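Notes follow once the structure below has been shown.
Keep in mind that what you see is a predicted model, and the values were worked out from it rather than measured.
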Amino acid sequence: MEQKAKRIGKFNIVDIIAVVLILAVVVFAAYKLLGRDDTVTAEREMTKVTYTVRVEGVAAELYDNCQAHMPSPLMASGALVGGEIVAVEQEPYYVLDAGGNWVEDPNHVTLLFTAETETPTAEVMTTKVGEQEVRIGKTDYILKSEFIEFSNCTIVDVVWGE
């Protein structure tokens with residue numbers, strides 16, 4: 001003789017378990033997809049990162065233009081990334097003359113930018129500003145702010161903390 005599953009209303013026990021499992025999977029998927037909230041970053045412990053970027057052989061008048069926009073918020077992909085260029089210094093730019101001697105180029109300078117940002121402490125070993133990694137010796141860095149943009153820059157110093 002066949003036994004019928006226990007019924008509760010129009011559903012039997014197996015139907016109820018299936019519905020509960022399906023709902024649990026949908027809730028879990030929604031949590032994973034929609035549950036990531038960027039405001040959690042504010043609650044994480046952050047580490048201050050200060051780094052220096054060298055840009056060589058730029059027109060001398062760019063120093064004054066850059067100085068006028070200090071501090072300047074950092075940008076990447078058209079959006080502010082939570083950091084800023086806080087200072088710019090200039091150094092002489094040297095070229096070889098016809099005799100093979102290094103001489104100062106009066107029309108060009110080397111600029112040293114100091115930038116500060118904060119990064120989650122757990123991620124400090126792979127510090128990123130926007131989508132760019134900040135690593136000493138990186139030679140293809142793009143320094144970009146609201147008013148300033150230089151490509152093919154070199155990161156010459158990185159300080160975590162302080």
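R54 and L112 get closest at one heavy-atom pair: CB-CD2, 3.6 Å. Contact record, P92 with T110: O-OG1, 3.7 Å, taken as the closest heavy-atom pair. Heavy-atom minimum distance, H108 versus A59: CD2-N, 4.0 Å. Counting all heavy atoms, side chain and backbone alike, N12 lies closest to V14 at OD1-N, 3.1 Å. Listed here is the closest heavy atom pair of L74 and A115: CD1-CB, 4.3 Å. Contact record, E146 with S72: N-OG, 3.9 Å, taken as the closest heavy-atom pair.
Using a 4.5 Å heavy-atom threshold, the side chains of F150 and L111 count as touching. Contact check for F113 versus C153: no side-chain heavy atoms found under the 4.5 Å cut-off. Under the 4.5 Å side-chain criterion, counting only non-hydrogen atoms from C-beta, V103 is in contact with V95.
When the side chains of ILVMFWY residues are joined at heavy-atom separations under 4.5 Å, either directly or via intervening members, L96 and Y94 end up in a single hydrophobic cluster. Note on Y93: it does not cluster hydrophobically with V55, by side-chain heavy-atom contacts below 4.5 Å among ILVMFWY residues. Cluster membership for V25 and L34, using ILVMFWY side-chain heavy atoms within less than 4.5 angstrom, is not shared.
Rounding to the nearest 0.5 Å places NE2 of H69 at 11.0 Å from CG of D64. A distance of 9.0 Å separates CD in E149 from CG in L143, rounded to the nearest 0.5 Å. M70 CE to T114 OG1: the interatomic distance, rounded to the nearest 0.5 Å, is 9.0 Å. The OH atom of Y51 lies 7.5 Å from the CD1 atom of I85; values are rounded to the nearest 0.5 Å. Here the straight-line distance linking atom CG of L62 with atom CD of Q67 works out to 12.5 Å at 0.5 Å rounding. Atom CD of residue E89 and atom OH of residue Y63 lie 7.5 Å apart, to the nearest 0.5 angstrom.
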